[in-house]
Number of protein chains: 2
Amino acid sequence: MELMIPLNTKGPGPMYEQIYRFIKEEIRQGNLTAGSRLPSTRVLAENLKVSRSTTQMAYEQLLSEGYIDSEPCRGYYVAQIEELVEVKEAPAGRFVPEQEEKGNGIDVDFSPRGIDLDRFPFQIWRKISRNVLVDDNRALFLNGDPQGEYALRQAIGSYLHSARGVRCRPDQIIIGAGSEYLLMLLSLILGGDRVIAMENPTYKQAYRVFRSQGYQVRPVNMDRSGIMASELDGGMGEGADTVYVMPSHQYPMGTVMSVRRRQELLSWACAKEGRYLIEDDYDSEFRYKGKPIPALQGMDQNGRVIYIGTFSKSIAPAIRIGFLVLPQELMMRYREKAGFFSSTVSRPDQNILYQFLTEGHYERHLNRMRAVYKGKHDILLGGLRDFEEAFSIGGEYAGLHVLLTDRKGRYTEEELEKAAGKKGIRVYGLSRYFIHPEHNSYPPTVLLGYASLSAEEIQRGLKGLKEAWGIA
Amino acid sequence: MELMIPLNTKGPGPMYEQIYRFIKEEIRQGNLTAGSRLPSTRVLAENLKVSRSTTQMAYEQLLSEGYIDSEPCRGYYVAQIEELVEVKEAPAGRFVPEQEEKGNGIDVDFSPRGIDLDRFPFQIWRKISRNVLVDDNRALFLNGDPQGEYALRQAIGSYLHSARGVRCRPDQIIIGAGSEYLLMLLSLILGGDRVIAMENPTYKQAYRVFRSQGYQVRPVNMDRSGIMASELDGGMGEGADTVYVMPSHQYPMGTVMSVRRRQELLSWACAKEGRYLIEDDYDSEFRYKGKPIPALQGMDQNGRVIYIGTFSKSIAPAIRIGFLVLPQELMMRYREKAGFFSSTVSRPDQNILYQFLTEGHYERHLNRMRAVYKGKHDILLGGLRDFEEAFSIGGEYAGLHVLLTDRKGRYTEEELEKAAGKKGIRVYGLSRYFIHPEHNSYPPTVLLGYASLSAEEIQRGLKGLKEAWGIA
């Protein structure tokens with residue numbers, strides 16, 4: 001067997017690595033099948049005009065990773081790798097969705113980002129899809145409006161108005177494939193070199209997007225009322241011209257921003273030209289206590305609030321539909337700077353969502369999910385009563401997770417995570433939501449999400465945590 | 001009636017404009033219905049504490065745009081606007097896709113961006129969708145792989161390999177919602193301040209994306225073999241570190257880049273670290289003469305070619321699925337800089353496309369469309385025989401449009417467009433594809449796309465053009 005390996009003396013990577021990568025991929029692709037012999041390191045070195053030590057290093061790497069085997073006299077040959085064979089043998093025409101990672105021995109995962117899909121209305125979604133895909137809807141497969149279909153924007157606007165007190169017209173709404181894309185688009189509209197203040201801890205994905213766009217980020221601490229607005233002038237947020245907040249339910253702290261704090265933010269925004277507040281209302285749908293507080297956007301009289309929302313939590317993450325509501329002034333800038341970007345959501349999908357919203361399915365689904373999550377929430381809080389001696393509970397009035405703080409400081413956050421892990425339970429340390437984890441000055445705290453767990457799993461998880469953390 | 005108009009003395013826009021905009025939108029939203037009376041300019045000025053001339057200007061603007069009417073003694077009242085009423089009266093639950101704009105009196109639109117949806121396999125698409133949306137496919141509604149589903153990437157990779165000679169592994173493919181989004185993502189990966197050479201004329205959407213990302217663009221002229229590679233060092237393309245090209249079928253010129261020119265480009269790319277070629281293979285599927293030329297990517301031995309493709313032309317624009325194929329080196333940079341971006345394509349949609357590809361429907365569809373387009377192409381070229389005295393025909397071997405050049409220079413490009421327009425025919429002047437239209441030094445040329453037209457429309461269109469341009 002002769003191996004033709006395209007080598008590039010100028011990189012990427014050293015020569016042995018190029019050889020190693022090439023062979024590894026040939027094996028993974030099934031072009032080199034298990035049992036087939038490889039050329040000796042000497043022959044390969046001659047063919048490729050490289051030194052023998054180069055081919056030896058490449059083979060050693062392959063040996064150490066189990067891609068090839070060697071036998072005295074027989075030389076090197078391709079190893080039998082179970083996992084790869086399996087991929088090859090998946091019946092053609094079947095799509096194998098990845099399993100939710102359970103990881104090493106994890107039995108109950110209190111992931112705060114999960115959602116419950118058991119009640120997803122597959123029937124209805126399927127029926128609507130079928131109706132959308134009829135021949136005389138042909139125009140739906142042509143290019144659509146870059147902002148998203150007008151009718152869908154109208155439906156979203158009217159939902160936002162009644163449910164969240166958002167005041168906007170359909171022409172202020174931009175539909176896009178998820179909040180990360182929309183934040184990327186927003187940064188095009190707002191322009192480069194912005195300085196953005198963020199709650200700390202915060203939603204790290206948003207932080208990553210802003211950083212990728214070259215924004216400077218100022219992490220600002222929070223108190224019980226929300227982000228410390230006083231820090232925006234002369235404090236940690238010094239120099240910021242934009243603030244990203246989650247007023248209805250801060251992630252991960254679960255704080256609901258006080259009305260007074262909202263007013264302070266709005267005043268800050270109005271005090272100088274070009275200041276904006278980005279309101280991420282990612283899971284405003286789920287509240288268990290008290291009246292829902294309308295969106296900050298609805299309080300804004302001066303076009304300073306950019307509202308961003310998504311159907312990832314309330315319908316499903318995989319449908320990839322979110323939306324921006326822009327103040328009039330920014331709409332003009334959008335048209336000028338980014339209006340030429342085609343929509344990132346397929347028109348059939350927009351149509352399906354439109355039907356789902358306007359035929360009342362969305363409201364019914366939300367009501368059902370509120371009841372479902374409330375049930376799980378109550379089971380979790382009921383079970384957590386035994387923890388109250390040692391832990392304080394936070395963020396329990398809204399959203400899909402709660403926070404547990406070790407009030408006696410018996411364990412570090414890491415110890416809490418690890419001890420749980422040993423019992424097969426995954427909990428999420430608060431530090432991972434800090435922009436600089438080393439700045440976390442909170443007492444040891446972990447997050448417990450419950451949306452994707454069954455009642456039984458919640459109970460099993462809590463039992464494991466009790467053992468792990470020595471709770472009687 | 002009293003109007004509460006929220007005014008902002010600090011903008012956006014002058015006061016009269018804010019008043020005008022507010023009232024206009026109230027009318028558009030249906031909050032102010034046809035026939036209802038507006039306050040007098042005097043009363044409104046008093047209420048809003050602005051000068052009377054401000055309210056007068058606002059009303060004048062509304063009058064001039066037909067949103068309101070005035071009658072002596074009766075004052076101002078909301079006008080009856082047909083178009084708006086219609087939107088309001090669309091039955092709830094029905095989605096009205098926008099009509100393809102026919103514009104003012106345009107009967108036949110030779111749009112070069114159209115496609116033929118008459119043969120779109122709605123039946124099959126519907127059936128696949130239904131099968132995808134079954135309950136036990138629940139995991140499909142959870143977050144997917146940021147790069148796109150592995151199985152779909154595998155299917156795309158194997159299609160690209162056999163049809164286009166592209167050499168890649170599934171882990172080099174990134175699926176995304178359309179080429180504009182993918183180019184945006186690519187610019188994150190490549191990093192800011194790039195200098196990009198583009199064929200001139202070119203695909204303006206790509207140009208706009210690069211500009212929006214802060215790239216400097218160097219327009220480089222073309223000859224019959226494609227972009228003038230010699231201009232990249234010391235010529236018009238001086239200083240470029242990236243080149244964006246469409247080698248299989250340049251848009252709009254229709255040029256197929258010669259093999260030699262491809263080699264020159266590859267040599268240029270290898271001559272210096274960090275140089276890349278972006279190969280946009282947007283409509284490689286349709287060729288009528290000669291063998292298909294494999295993708296530039298397949299000739300690349302050194303990881304210098306970034307390949308971008310889409311299903312917009314070959315399936316439908318509205319499904320919003322495209323893909324990038326990155327060299328290994330850039331994949332590492334992708335993971336580091338942009339790997340956290342969630343996929344912009346919904347998992348159910350990826351699954352549908354996966355089934356469509358792997359069950360052979362795509363190939364059958366392409367074969368059918370090739371025949372359909374070949375038929376239209378032949379009708380167009382047959383009809384154009386009468387034009388040959390006055391016009392030369394170009395770009396007829398591939399793609400979905402041809403170019404007509406006034407070889408005698410009887411008309412300017414603008415005159416050709418206008419004369420056609422008067423007969424209800426839309427043709428597309430070449431200048432609009434130039435980065436700086438004033439640099440267009442080609443003889444007067446127009447584009448005629450035929451994909452979305454019926455045989456009868458093509459013939460009617462040509463008849464109109466003959467009359468318009470005085471062809472016997």
Side-chain angles (χ1 to χ4, degrees), chain A residues 6 8 10 12 25 29 92-93 95-100 117 120 122 125-126 129-130 133-135 137-145 151 169 177-178 180-181 184 188 205 208 212 301-303 316-320 328-329 337-338 340-342 344-349 351 354-355 358-359, chain B residues 6 8 12 25 29 92-93 95-100 117 120 122 125-126 129-130 133-135 137-145 151 169 177-178 180-181 184 188 205 208 212 273 301-303 316-320 328-329 337-338 340-342 344-349 351 354-355 358-359:
Chain A
N8 179 5
K10 289 179 190 142
E25 283 308 325
Q29 292 293 303
F95 189 81
V96 188
E98 281 160 74
Q99 294 298 310
E100 273 272 85
L117 278 176
F120 183 83
F122 286 98
W125 203 264
R126 197 156 62 224
S129 308
R130 198 170 50 223
L133 297 168
V134 290
D135 291 38
N137 247 343
R138 193 180 302 162
L140 260 191
F141 283 81
L142 293 170
N143 272 318
D145 189 317
R169 298 183 307 272
E180 287 136 81
Y181 167 73
M184 195 149 118
L188 268 190
Q205 280 290 79
R208 291 186 194 106
S212 79
Q301 301 284 336
N302 303 290
I319 69 160
R320 312 305 304 142
Q328 196 60 42
E329 197 178 334
K337 292 191 172 183
F340 62 87
F341 276 96
S342 307
T344 44
V345 184
S346 91
R347 282 179 91 181
D349 287 354
N351 193 345
Y354 167 78
Q355 313 272 1
T358 53
E359 288 172 9
Chain B
N8 179 5
E25 282 308 324
Q29 292 294 303
F95 190 80
V96 188
E98 279 161 75
Q99 293 299 308
E100 273 272 86
L117 278 176
F120 183 83
F122 286 97
W125 204 264
R126 197 157 59 224
S129 308
R130 199 170 49 222
L133 297 168
V134 290
D135 291 37
N137 246 342
R138 194 180 302 163
L140 259 191
F141 283 82
L142 293 170
N143 271 318
D145 189 317
R169 298 183 307 273
E180 288 137 78
Y181 167 73
M184 195 149 121
L188 268 189
Q205 279 291 80
R208 290 186 195 109
S212 79
E273 202 51 43
Q301 300 285 336
N302 303 291
I319 69 161
R320 314 303 305 140
Q328 197 59 43
E329 197 179 335
K337 292 190 172 184
F340 63 87
F341 275 96
S342 308
T344 43
V345 184
S346 92
R347 282 179 93 181
D349 286 355
N351 193 344
Y354 168 77
Q355 313 272 1
T358 54
E359 288 172 10

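Residue numbers start from 1 in every chain, and the chains themselves are labelled A, B, ... in the order their sequence lines are given, proteins ahead of strands.
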> Picking from A/Q205, A/R169, A/Q301, A/K337, which has the most non-hydrogen pairs under 4.5 angstrom with chain B?
Replying inline: A/R169
>> Can you tell me how far apart CG (A/D349) and CZ (B/R320) are? Round to the nearest 0.5 Å.
In response: 12.0 Å
>> Over 60° means perpendicular and under 30° means parallel, so tell me whether B/F120 and A/F141 are parallel, tilted or perpendicular.
In response: tilted
> Do A/F340 and B/S212 touch side chain to side chain, with heavy atoms closer than 4.5 Å?
Replying inline: yes
>> I need the residue from B/I319, B/L117, B/V134 with the largest number of non-hydrogen atom pairs under 4.5 Å to chain A.
In response: B/L117
>> Tell me the closest heavy-atom pair linking A/L188 and B/M184, and the distance in Å.
In response: CD1-SD, 4.2 Å
>> Can you tell me which portion of B/S342 sits under 4.5 Å from chain A's heavy atoms? Options are side chain, backbone, both or neither.
In response: both
>> Give me the atom names and distance for the closest heavy-atom approach of B/A318 to A/L142.
In response: CB-O, 3.3 Å
